[in-house]
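Worth knowing before you read on, the calculation uses all heavy atoms, side chains too, and leaves out hydrogens, waters and symmetry mates.
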Amino acid sequence: MPNEDIRPPVGLRPVINVSGTMTSLGASIVVPQAIAAMGSILPQFVEINDLQRKASAVIARLTGGEAGFITASCSAGISLAVAGAITGNDLAAIERLPDVRGDKNEVIVQMGHVVSYGAPVDQAVRLAGGKVVLIGQATSTYRHHLEGAITEKTAAALYVVSHHVVGYGMLSLKEFCEIANAKGVPVIVDAASEYDLRIFLEQGADLVLYSGHKFLGGPTSGIVAGRKDMVRNTFLQNLGIGRGMKVGKESIFGVMAALEAWETRDHAGIRERETGYLRLWHDRFDGRPGVKAVIEPDPTNNPLDRLRLTIDPREAHITAWDLADALARGNPPVIVRDHEVEHNYFYLDPCNLHPGQEVIVAARIGEELDKAQASNEIIATSLEERSRRRFDGLSRWPD
């Protein structure tokens, strides 16, 4: 934790993040190696394409891909990868996008994978001139759905790995790749917030897109890795729609440093520390009136756990969503992982805490539970009212 907190002097709230690697909160704590790398290159001039070649070698070593490069974000990576699958290395076609000549621009996506990570995943496809072809239903996709959707118009198939997607009934990546590859269709994987940098290419993907600033702890960025020809075609989009998604020298060099730091990071030690936080919270809250605490593994098999706090408003005198909102309003603000809060629970994610903040989180939750317990009435805002307020701040921005 830095000795000096720059947030209050500039009027920013000193947020404590137990939501996870969320872009809306700044994603993650940037590792010291990346901070040092960015500071060292900022005063210098470099040839960006040559720097990207150096980044490609580091990306290839860590991912097992043939090549790679750095872009503005994982979302940018989706658009660029789709564009590369549509245009190939045709520079005139690259400059025409999102207008497409011919009709080989269809991108197949399982319906249960069309989610929002802050923006709709299918919009990232459309930005590149791609036409989304949805297969299956919201809760089920079978082999025949993918096999039947592949035509001469198919440019690529997109597979999304995320806690947001439907967690059952979907084709596995291995099967998805097997079917698509057999028909010569390249598979692009959105693995923005995933820990394993090699498994998706090993299972048959042609391109994999990672966030450089989530678990890696680099600057805001996206990583493209995979087949050399597809990486090249994706990189060439910087002459077209990728211009607005460009990445600076500091981000490229910072991600390179973060990737190299990943190789030597004490992953087991970090897991042990985070497990200690989870046990502290579990022991503090499990069994309190109306509260059930359970430590659960990550749904996409990342090597980490979270604490699920289930709230019974009849006993706790507060709903799960009102408790989450009270924590966010408080001093200091504690932001929990509340994307499933209508089911009467939210999560505490320990991966972005500075040492000592786990105690503050425990104290703040205890304070809000004590306040609610002392209330004569159940604190229960309607979910409809909460939903209406969701975008109030944006509608008034920048006032």
Side-chain angles (χ1 to χ4, degrees), residues 46-91 93-95 97 104-105 107 124-125 127-130 154-161 173 177 180-181 184-192 194 196-213 216 218 221-249 251-256 258-260 262:
V46 298
E47 295 166 291
I48 293 295
N49 287 355
D50 197 30
L51 181 59
Q52 287 278 26
R53 288 190 186 94
K54 302 300 187 289
S56 177
V58 178
I59 293 167
R61 187 175 77 244
L62 268 81
T63 65
E66 294 176 344
F69 72 94
I70 310 298
T71 185
S73 65
C74 195
S75 178
I78 296 173
S79 296
L80 298 181
V82 167
I86 292 171
T87 67
N89 61 5
D90 184 336
L91 299 183
I94 288 169
E95 290 189 1
L97 288 181
K104 190 170 183 176
N105 68 330
V107 179
V125 174
L127 282 170
T154 305
L158 175 65
Y159 194 96
V160 181
V161 183
L173 175 60
C177 291
N181 293 164
V185 173
V187 174
I188 301 164
V189 174
D190 171 8
E194 298 308 300
D196 193 322
L197 299 179
R198 303 183 77 92
I199 191 171
F200 306 109
L201 289 173
E202 290 172 351
Q203 291 187 350
D206 298 281
L207 276 187
V208 182
L209 317 170
Y210 293 98
S211 168
H213 62 284
L216 280 171
S221 55
I223 299 169
V224 178
R227 257 174 49 191
K228 185 179 288 187
D229 62 325
M230 289 194 66
V231 170
R232 182 184 296 114
N233 294 342
T234 302
F235 182 74
L236 286 173
Q237 305 305 316
N238 286 304
L239 300 173
I241 64 168
R243 180 63 177 177
M245 307 170 188
K246 66 183 179 181
V247 63
K249 59 191 175 184
S251 290
I252 301 170
F253 204 48
V255 174
M256 290 170 64
L259 282 165
E260 290 175 336
W262 186 255

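The backbone N or O of G129 sits less than 3.5 Å from a side-chain atom of N105, completing a donor-acceptor pair. Y159 places no side-chain N or O within donor-acceptor distance of the main-chain N or O of A191, the cut-off being under 3.5 Å. A donor-acceptor pair under 3.5 Å is formed between the side chain of Q52 and the backbone N or O of I70. Although no hydrogens or angles enter the test, the distance criterion places no donor-acceptor pair under 3.5 Å between the side chain of R227 and the main chain of E66. S221 places no side-chain N or O within donor-acceptor distance of the main-chain N or O of A72, the cut-off being under 3.5 Å.
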Please test S79 against Q237 for side-chain hydrogen bond (donor to acceptor under 3.5 Å, both in side chains), starting from the C-alpha separation and ending with a verdict. CA-CA 9 Å; S79 296; Q237 305 305 316; over 6 Å; no
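Looking at I223 and I59, their side chains come closer than 4.5 Å, going by heavy atoms from C-beta outward. No side-chain heavy atom of F235 sits under 4.5 Å from any side-chain heavy atom of V224. Side-chain contact between V46 and I48 is present, with at least one heavy-atom pair separated by less than 4.5 Å. Looking at V187 and N181, their side chains come closer than 4.5 Å, going by heavy atoms from C-beta outward. No side-chain heavy atom of L127 sits less than 4.5 Å from a side-chain heavy atom of V82. Between V58 and E260, the closest side-chain pair of non-hydrogen atoms falls below 4.5 Å. Counting only heavy atoms from C-beta outward, the side chains of I78 and I188 never approach each other to under 4.5 Å. L197 has its side chain within reach of W262: a pair of non-hydrogen atoms, C-beta onward, lies under 4.5 Å apart.
Rounded to the nearest 0.5 angstrom, L173 CG and I199 CD1 are separated by 8.5 Å. Of the inter-residue distances, the one linking D229 atom CG with T234 atom OG1 reads 9.0 Å to the nearest 0.5 angstrom. A distance of 10.0 Å separates CG in L209 from OG in S73, rounded to the nearest 0.5 Å.
In this structure, D190 and L158 approach most closely via the heavy-atom pair N-CD1, 4.3 Å. Closest of all the heavy-atom pairs between C177 and Q203 is CB-O, 3.7 Å. T71 approaches F69 most closely through the heavy-atom pair CB-CE1, 4.0 Å. Closest heavy-atom contact between D196 and Y210: O-OH, 3.1 Å. The minimum heavy-atom distance linking G212 with L216 is given by the pair O-CB, 3.6 Å. Here the shortest heavy-atom pairing between L97 and A83 reads CD1-CB, 3.5 Å.
A 6.0 Å sphere centred on NZ of K249 holds more than 12 heavy atoms belonging to other residues, nucleotides or ligands.
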